[in-house]
Protein chains: 2
Amino acid sequence: MRSRIEDVAAAAGVSMKTVSRVLNNEPNVRDEMRQRVMRAVEKLKYRPNLSARSLAGQRSYVVALVYNNPSRNYLMEIQSGMLDACRDSHYNLVLAPVGSPRQRKTDDLKVVFEHFAPDGVVLIPPLTDDASVLDFLDEHEVPFACIAPKHPQGRIGVMMDETAAVLELMQGLVARGHRRIGHIKGPPAHGACQWRFKGYKDALRQAGIDYDPGLVAQGAFSFESGIEAGNQLLDLPRPPTAIFAANDDMAAGVIRAACQRGLAVPHDVSVCGFDDTPIARHIYPALTTVRQPTSEMGRLATVELLARIRSQGAGDMVRVEHEVLFRESTQPPTRR
Amino acid sequence: MRSRIEDVAAAAGVSMKTVSRVLNNEPNVRDEMRQRVMRAVEKLKYRPNLSARSLAGQRSYVVALVYNNPSRNYLMEIQSGMLDACRDSHYNLVLAPVGSPRQRKTDDLKVVFEHFAPDGVVLIPPLTDDASVLDFLDEHEVPFACIAPKHPQGRIGVMMDETAAVLELMQGLVARGHRRIGHIKGPPAHGACQWRFKGYKDALRQAGIDYDPGLVAQGAFSFESGIEAGNQLLDLPRPPTAIFAANDDMAAGVIRAACQRGLAVPHDVSVCGFDDTPIARHIYPALTTVRQPTSEMGRLATVELLARIRSQGAGDMVRVEHEVLFRESTQPPTRR
DNA sequence: CTGTTAGCGCATTCAT
DNA sequence: ATGAATGCGCTAACAG
């Protein structure tokens, strides 16, 4: 059988409570006691019982990853980073997809809360900007961390400077001689994409290029929406010489659209994406894109969340660095 | 505050035990009582407390997905299917990556068991054929379900007829006139790949084509390993006119390798993969491949596992159907 | 600094 | 077919 805290207490010759103190890093224990307890723990291979701990402590030791329909790869990376952080703190990760067909997001959320009673939540785009979800969490007074929120003020979590990243990417295109640069926007609900759009416009202004709304198409983050938006831009009387899509999947769709109409990438049109997902390296030509440390962002958001769970005011909005990667899909424009 | 079983009992005018009986579908309750309890549950919005239930019942209501390093997409699909099954049965899914660098798989497993004490485990390839993991689970008498095991005898879980699927795929190639068909094997530890390899050889035999070991290369399931193995086969004095890779990522690598040496797919060489992951439709040309209902397989494996958890002998090895998808990456060989 | 006592909310005996 | 008592393993409030 598994040993219990009582057994450890007996073996160490102390009370249960002292063992509890040591295990939970509480103050008011002499070093000698601490040592004795630790030795007993080792000897008996004691591991606390999660259920008992939760029941008595009125905590679940669960954090939930709440998501809508992000890209599979993005979700996977976030999840993997969160797992690392959870393991380090003996927390458990629960996956909470919400917004199933014909079901309101808050109804799904309610079910998750009734069942798991998570001590905290991590939100990723586009849910990180969803008013109904944010209101629900605020009402229930559940600590939560946001990843890449549109409005970081007063929130904890992790973000990067999306605008600056796009600015840098666009400057690279301009430096290569592009003046007609198209953009494919991400889903309107995705706040970070609005910063990417801002970066696009800022870069044009800095380069003294007039902003032309006709060069901007609406996408939905999917490969298929990239094909469609790509066709729309390439159908223009004077098509762009470069297209910046707000994520890699759409950029891959643009490349497909270009190929299908006999245009070579990057010879006839340069393409770039955002995220540096595996597809960026797997398609031909390899995609110029912006790398963000997605897995690390999942880990950091969880770390901040756990800090806040431990104490009211704790936790920050952490910033991470991006990296612009120029690969095969971009080159100077060809005179035609 | 949240209502407790005691409150429900009081509201329904019955004992706690009767409420417990109703909620757990135990026998020996009159219909009238059952109705009364259900009404009280509705009225009080009662939801059982997971921790209390686990503590008293000596069960964790947790199933673990134990994995090594499968393809991200595959893992995601399995996970998503498992989540569905878990939600339906009020179980919780715990992710258990094992075999971190310098850590033995069983050591990682031990940590997961000490912490979460899962009531059962789902294994996916290649771990589903890993002796050390299987032995560990058998020793600890933990119910587990296998997905796509090499040896299904005496196990529960879900599988498809990999050999038949490849046979069908190969027959399609042969019907299009291919006689020199290469194969890129998956990782040796991946049992299902051995059945795919068998399907490859069986198909050759049926078509009266001599098996040529020189046309078979070893891959590792990654895009990069596909490039390498593809180059190896295309470097042959008499290269194959078609190449069947044991998964889509490697097939994508073969296409890249072909392109880089100026060969057109499918004009100069046909390529096909296995799994029908998103990359199969995102690369150009779209990949001929075998679709397996991955997410459904995750769900079914969990359903069988939960059946076994509930009662000793229950649970089966379920079979699912494949589908061969001929797309752009295959055509009849060109005379050269 | 350390120990004692009393639940946390439920399932599980064993009565009736 | 139903109910009362007991305890799962731990933390929390209080006492020393």
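We name chains A, B, ... by the order of the sequence lines, and we start the count at 1 in each one.
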Please state how far atom CG in B:Leu44 lies from atom P in C:dG9, giving the value in whole angstrom units. 14 Å

With a 4.0 Å cut-off on heavy atoms, is B:Arg2 in touch with a base, just the backbone sugar-phosphate, or nothing at all? nothing

Quick one: label A:Asn49 by what it contacts on the DNA or RNA (base, sugar-phosphate, nothing), any heavy atom closer than 4.0 Å. sugar-phosphate

Does B:Ser15 have a side-chain nitrogen or oxygen under 4.0 Å from the phosphate oxygens OP1 or OP2 of D:dA4? no

If we ignore hydrogens and angles and just use 3.5 Å, is the side chain of A:Thr302 paired with the main-chain N or O of A:Gly298 as donor and acceptor? yes

Under 4.0 Å between a side-chain nitrogen and a carboxylate oxygen: does that hold for A:Arg72 and B:Glu77? yes

Within the structure shown, what part of the strands sits under 4.0 Å from B:Pro27 by heavy-atom distance: base, sugar-phosphate, or nothing? nothing

Nearest to the B:Arg30 side chain among D:dA1, C:dC8, C:dT2, which nucleotide is it? D:dA1

Is any side-chain N of the basic residue among B:Glu26 and B:Lys17 closer than 4.0 Å to the acidic one's carboxylate O? yes

Should B:Arg299 and B:Glu296 count as an ion pair when the cut-off is N to O under 4.0 Å? yes

Check every atom of D:dC10, C:dC10, C:dT2 against the side chain of A:Tyr46 and return the nucleotide holding the closest atom. D:dC10

May I ask you to verify whether the side chain of A:Lys17 and the base of D:dA12 hold a donor-acceptor pair under 3.5 Å? yes

Whichever of B:Val14 and B:Ala52 has its nearest DNA chain D nucleotide further upstream toward 5': B:Val14

At less than 4.0 Å, is any side-chain N or O atom of B:Thr18 found next to OP1 or OP2 of D:dT2? Yes or no. no

Within the structure shown, what part of the strands sits under 4.0 Å from B:Arg59 by heavy-atom distance: base, sugar-phosphate, or nothing? sugar-phosphate

In whole angstrom, give the distance that lies between atom NE2 of B:His90 and atom P of C:dC10. 14 Å

From the set D:dC10, C:dG9, C:dT2, return the single nucleotide nearest to any side-chain atom of A:Pro48. D:dC10

Can you tell me whether the side chain of A:Arg21 and the base of C:dT2 have a donor-acceptor pair closer than 3.5 Å? yes

How long is the line joining CG of B:Asn28 and C1' of C:dC14, in whole Å? 14 Å

D:dA1 C1' sits how many Å from B:Arg36 CZ, rounded? 13 Å

Where the side chain of B:Ala56 is concerned, which of D:dC8, C:dG3, C:dC1 is the nearest nucleotide? D:dC8

List the steps, then state whether side-chain contact (heavy atoms from CB on, under 4.5 Å) holds for A:Asp161 with A:Arg319. CA-CA 8 Å; A:Asp161 194 333; A:Arg319 322 259 154 174; over 6 Å; no

Nearest of D:dA1, C:dC8, D:dC8 to any side-chain atom of A:Gln58? C:dC8

Atom CZ of A:Arg47 to atom C1' of D:dC10: distance rounded to whole Å? 17 Å

Euclidean distance, atom CD of residue B:Glu26 to atom P of C:dT13 [Å, nearest integer]: 11 Å

Classify the nucleic acid contact of B:Met16 as base, sugar-phosphate or nothing, counting any heavy atom under 4.0 Å across all strands shown. base

Expressed as a whole number of angstroms, how long is the span from A:Glu6:CD to C:dT5:C1'? 14 Å

Residue B:Asn24, side-chain heavy atoms: nucleotide from C:dT2, C:dA11, D:dC10 that is nearest: C:dA11

In terms of side-chain geometry, is the basic nitrogen of B:Asp138 or B:Arg155 positioned less than 4.0 Å from the acidic oxygen of its partner? yes

C:dC8 P sits how many Å from B:Leu50 CG, rounded? 18 Å

Would you mind telling me which of D:dT11, D:dT2, C:dG9 lies closest to the side-chain atoms of B:Arg4? C:dG9

